[in-house]
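Working notes for the structure below.
Please read these numbers as outputs of a predicted model, since none were measured by experiment. Every heavy atom of this structure was used, including side-chain atoms; hydrogens, water molecules and symmetry mates were not.
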Amino acid sequence: MSHTAISDRFHTLIDVHAPVHQLGTGFTFTEGPLWHPVEQTLIFSDMPADTRRKYTPGKGVKEIQKPSNKGNGMTYDADLNLLVCEHSTSSVVRIRPDLTREVLCTHYQGRELNSPNDIVVGNDGSIYFTDPTYGRKEHFGVPRPLQMGFQGVYRLPPGHRPGDEPQLVVDRYLFSQPNGLCFSPCQRWMWVNDTEQANIRMFDVAADGSLTNGRVFAGGIRDDLKPGLPDGMKADKDGNLYVTAPGGVWVYSFQGELLGKIDCPEMVANLHWGGADWSTLYLCACTSLYSVQTKTRGRDEPFMHPRTRQPAPAAPPVSSNLTVQDRLDFRIDGRRTALILQDMQNDVIADGGAFAASGAPDHARAQNVVANAARLAEAARAKGVLVLHVWFLCEPGHPAMAQTAGLYKGLVAENAMVRGTWGGAPVAGLEPRPGDLIVEKMSMSAWETSRLESYLRHGGRDTIINCGCWTNMSVEHTARTGADKGFHMIVPEDACSTMNADWHRASIDYAMQNVATVTRTDAVIAALG
């Protein structure tokens, strides 16, 4: 079996001859696949059989719950509680690791929901789910009269209390049968498909959590000669969208271009990323479970970095007024992480450098920034973290250097950061090691004039440990843009410095809190394991 490439970009996502492996068969109708990041197993629903099953690589499939209230879509929250859309009970429920079951919601405006179908969790803990009518029909659910009169998309906000009603986040009559839903990697947008209309809509996620500016992202997802319609839907790390469709799974670019089709022997109902590096695509297809290896991986979701997974020990107490996390409640996966050592150059923080009179060398010493950054780099290399040295370098004479900002005027006035000079070289103790990469830039942010993003995307890195000088300029600019691009930014504040403690504190306490996980060097090293 070969897959169908419509665009050359499809070849960067999957080999057109990648085999589709059958992992188990003989089921009634499979749905809701979900990979556990700690156990490294996959659970899935068999709705008509009223059963929940688990696949363990190398061991096969076994039954883990029956009855399951004809559960359909599932996900985990950041504490690895299982969230399930139940057809039989018209409920969204939370099942804790000790198997305690809590009903999160069942009604809207006093009327029972139709049958919650698919579900996703945001980084802020909010829960979104769709509510078509399939669970009130024979075979997939329990036949019973409808109460709602429409099929909606709902949200349970952060802090939702079990039993409280959900928020309707779209116009109640927009969808015929809303089904799969999925965040973009940065969570500024959400896709929701409609099985009956055979299309996908894209929405902006508003500040209040509602879905606004809805527009058709892709339509006509049907084929009279092949079974399959829009149902389950997932995005990869770059915002390409994978949706069940005739013949298997159709893959769209973030812009809505159909890139290609993944073929499967049976009609696919849902899909999920999994495996040790989240690059295996698991397919629930009618009576069987399949997998196919890709060249990419799924977008980051909160449960992929669970709070319950081996918390890092607390770092030694530090006397400071800064608002930082002395411990990280998640593990840092070195294979998906990059460490940025930014502007750690002689002109920036060394005595005798072009900007020594600013106070930068004194603040760097007070922060112990060189030693802390060096410790981070050593620990990072040992755990497979990509170490990137980002240097501001100009040609002699600073040709065409913009004079629109004070920083750039200062560079020219002090003849600073010139290639080949002592001032442009890295400070002692932070020289590149074999395997490290060097990124050159001519901007405050590490992103705008460099190949940083190419290194990160090509290397499969979506978490960035962001340190360097100066905190309120290069480090902050890089953190802001990185967050906008969908990267998880981690800022160890004692591996950053600027011209004085007040400027450092203002950046860390205010700006950085909104775009990054702010912590300390020891906490990062502990979270690396």
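In terms of the salt bridge (charged side-chain N to carboxylate O under 4.0 Å, His left out) criterion, E431 has no residue partners (sequence neighbours excluded). With sequence neighbours excluded, the residues forming a ring pair (Phe, Tyr, Trp, His ring centres under 6.0 Å) with H36 are Y76, listed by chain and number. For W250, there are no ring pair (Phe, Tyr, Trp, His ring centres under 6.0 Å) partners two or more places apart in sequence or in a different chain. Applying the salt bridge (charged side-chain N to carboxylate O under 4.0 Å, His left out) criterion to D15, with sequence neighbours excluded, gives no partner residue. Looking at residues two or more places apart in sequence or on another chain, you find a salt bridge (charged side-chain N to carboxylate O under 4.0 Å, His left out) between R9 and E257. Residues forming a ring pair (Phe, Tyr, Trp, His ring centres under 6.0 Å) with F392 (at least two apart in sequence, or on another chain): none. Not counting sequence neighbours, F175 has no partner by the ring pair (Phe, Tyr, Trp, His ring centres under 6.0 Å) test.
A donor and an acceptor atom, one from each side chain of Q197 and N199, are located under 3.5 Å apart. No hydrogens or angles considered: a donor-acceptor pair under 3.5 Å links the side chains of N179 and D231. E476 and T471 form no side-chain donor-acceptor contact under 3.5 Å, judged by distance and modelled atom types alone. Side chains of T280 and S291: a donor-acceptor N/O pair is absent below 3.5 angstrom, by distance only.
Legend: side chain to side chain donor-acceptor pair (under 3.5 Å) pairs involving residues 209-218, not counting sequence neighbours, sorted by first then second residue: D204-N213, D204-R215, D208-S210. Residues in residues 348-359 take part in these salt bridge (Lys or Arg N to Asp or Glu O under 4.0 Å) pairs, two or more places apart or across chains: D351-R365. Listed by first then second residue, pairs satisfying ring-ring contact (aromatic ring centres under 6.0 Å, His included) with a partner in residues 436-471 read F355-W470, W447-F487, not counting sequence neighbours. Contacts classified as ring-ring contact (aromatic ring centres under 6.0 Å, His included) and involving residues 357-386 (residues at least two apart or in different chains) are given here: H363-H504.
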Name each donor-acceptor pair under 3.5 Å that joins a side chain in residues 412-428 to protein atoms two or more places apart or in another chain, with its distance.
unit_1 : atom_1 : unit_2 : atom_2 : d
R419   : NE     : E395   : OE1    : 3.4
R419   : NE     : E395   : OE2    : 3.1
R419   : NH1    : E440   : OE1    : 3.2
R419   : NH1    : E440   : OE2    : 2.9
R419   : NH2    : E395   : OE2    : 3.0
R419   : NH2    : E440   : OE1    : 2.8
T421   : OG1    : V418   : O      : 2.6
T421   : OG1    : G424   : N      : 3.3

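Looking at K485, R297, R299, R457 one by one, the single match for side chain to side chain donor-acceptor pair (under 3.5 Å) with D462 turns out to be R297.
By the 30° and 60° cut-offs, the orientation of the rings of W35 relative to Y282 is parallel.
Taking CZ of R451 as the start and CG of L388 as the end, the distance is 11.5 Å to the nearest 0.5 Å.
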